[in-house]
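Here the structure is laid out as structure tokens; the discussion comes afterwards.
Only a predicted model underlies this, so the values are computations on that prediction, with no experimental measurement involved. Below, chain A is the first sequence line, B the second, and so on; all start at residue 1.
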There are 2 protein chains.
Amino acid sequence: MRSDVEAESEVAASNDVTELKEMNRIVGYVLRRAQLALFEDFARRFKGLDLTPAQFSTLVAIRENPERRQSDIAAALGIQRPNFVALMDNLERRGLAERVRSGADRRSNALALTLAGTALLERAMAAQAEQEAAIRARIGEPERLRLIDTLQRLTGI
Amino acid sequence: MRSDVEAESEVAASNDVTELKEMNRIVGYVLRRAQLALFEDFARRFKGLDLTPAQFSTLVAIRENPERRQSDIAAALGIQRPNFVALMDNLERRGLAERVRSGADRRSNALALTLAGTALLERAMAAQAEQEAAIRARIGEPERLRLIDTLQRLTGI
DNA sequence: TATTGTTATACTCTATAACTATA
DNA sequence: TATAGTTATAGAGTATAACAATA
């Protein structure tokens, strides 16, 4: 025999709460919601650093690939070349990164971090490490590594 | 002793390819790239149906929560009320969903699918099932279920 | 006085065409 | 003729303030 609690929760499910059971079985939807949550968390943590995810990833990519061409960095990050111009303008205006006309091919810019850019990136990496730690606390390190691996396999879809 | 191939690939790694090893250790970045890949895949599969992810999720949510208020559906999907108006205008203009002034509270709209909306959603669910199948083929069903679970835990960050 | 749906608006992100300077 | 960086621009998505109708 069914308890009153069960009957009540059934009524609640069908009358009070807006259910999204179907959408929550779809990887694309759940992935989108998780991504938005992580971006909001990122925004909170990076408030004082004044860096967007795109700006942060650009600094990281430049440090890991010093002297590489502007187009190559943009392409690696999946940013359209035209849209990357304003982003670099901003980083350069703030003295975080610089464009140097390449001697070999004077059409291209070799990108590099400034000392200030390196210093800010140091603080940004620390803030990012805190997000990773929060994720680790929530799902555990093995699951965090597994998640990264699974998502990378999914990216080739 | 190192082979020529190993030496060559090392040179390539440090000189030819733009590396993103650091970013690829960050959950937020990998998640973002996977999300974009899935949205592109969605766009390909839904080309003929002319439904964006937001429109698709709206149809699904209305079917699962018939007669619910417009604001409740929007809130459940994480869409701002003002932005939901144009989305519903579009679905209504195409005869897929309808707004009915509620008798109980005449400020609110009760949303429902039309027959055409139900029929289109049928086809859309089939297209979506194909994406899930593609994901399943790529990472396996246990990992797909585990991914959904992990992402949902991450969403509460 | 508060809430639902709506309008207006602004801001960010993203995509494409076309220019310039170099090659 | 092609490429790197740039400009201009348009479209989508998203966020906030304020209004009319209703509670």
Report the distance from atom [atom1] of [X] to atom [atom2] of [N], rounded to the nearest whole Å.
X        : N      : atom1 : atom2 : answer
B:Arg81  : D:dA20 : CZ    : C1'   : 17 Å
A:Arg33  : D:dT14 : CZ    : C1'   : 14 Å
B:Phe42  : D:dA12 : CZ    : C1'   : 15 Å
B:Asn90  : D:dA12 : CG    : C1'   : 13 Å
B:Arg99  : D:dA21 : CZ    : P     : 17 Å
B:Phe84  : D:dT16 : CZ    : P     : 18 Å
A:Asn109 : D:dT3  : CG    : P     : 18 Å
B:Asp50  : D:dA12 : CG    : C1'   : 14 Å

Polar atom pairs between nucleotides 11-15 of chain C and protein, under 3.5 Å, N or O only, would you list them?
residue	atom	partner	partner atom	Å
C:dT14	OP1	B:Arg32	NH2	3.0
C:dA15	N7	A:Asn83	OD1	3.3
C:dA15	N7	A:Asn83	ND2	2.9
C:dA15	N6	A:Asn83	OD1	2.9

Response to the item:
Contacts of A:Arg45 meeting side chain to side chain donor-acceptor pair (under 3.5 Å) (sequence neighbours excluded), chain-then-number -> A:Asp41
Worksheet item: Sequence neighbours excluded, which residues qualify as side chain to side chain donor-acceptor pair (under 3.5 Å) partners of B:Asn24?
Response: none
Discussion item. If hydrophobic clusters are built from ILVMFWY residues whose side chains come within less than 4.5 Å, do B:Leu87 and B:Phe42 share one?
Written reply: yes
Pull out every protein N or O sitting under 3.5 Å from an N or O of nucleotides 21-23 of chain C, one pair per line with the distance.
residue	atom	partner	partner atom	Å
C:dA23	OP1	A:Arg106	N	3.0

What I'd like to find out is whether the side chain of [X] reaches to under 4.5 Å of the side chain of [Y], using heavy atoms alone.
X       : Y        : answer
B:Arg99 : B:Leu111 : yes
B:Leu49 : B:Phe56  : no
B:Val60 : A:Tyr29  : no

Would you tabulate the side-chain donor-acceptor contacts of residues 118-127 of chain A under 3.5 Å, counting partners in other chains and residues two or more places apart, or write 'none'?
residue	atom	partner	partner atom	Å
A:Thr118	OG1	A:Thr114	O	2.9

Response to the item:
side-chain contact (heavy atoms from CB on, under 4.5 Å) filter on B:Glu132, not counting sequence neighbours, yields A:Ile26, A:Val27, B:Gln128, B:Ile135, B:Arg136, B:Arg144
Fill in: Pair B:Arg69 + B:Asp105: basic N to acidic O under 4.0 Å
no
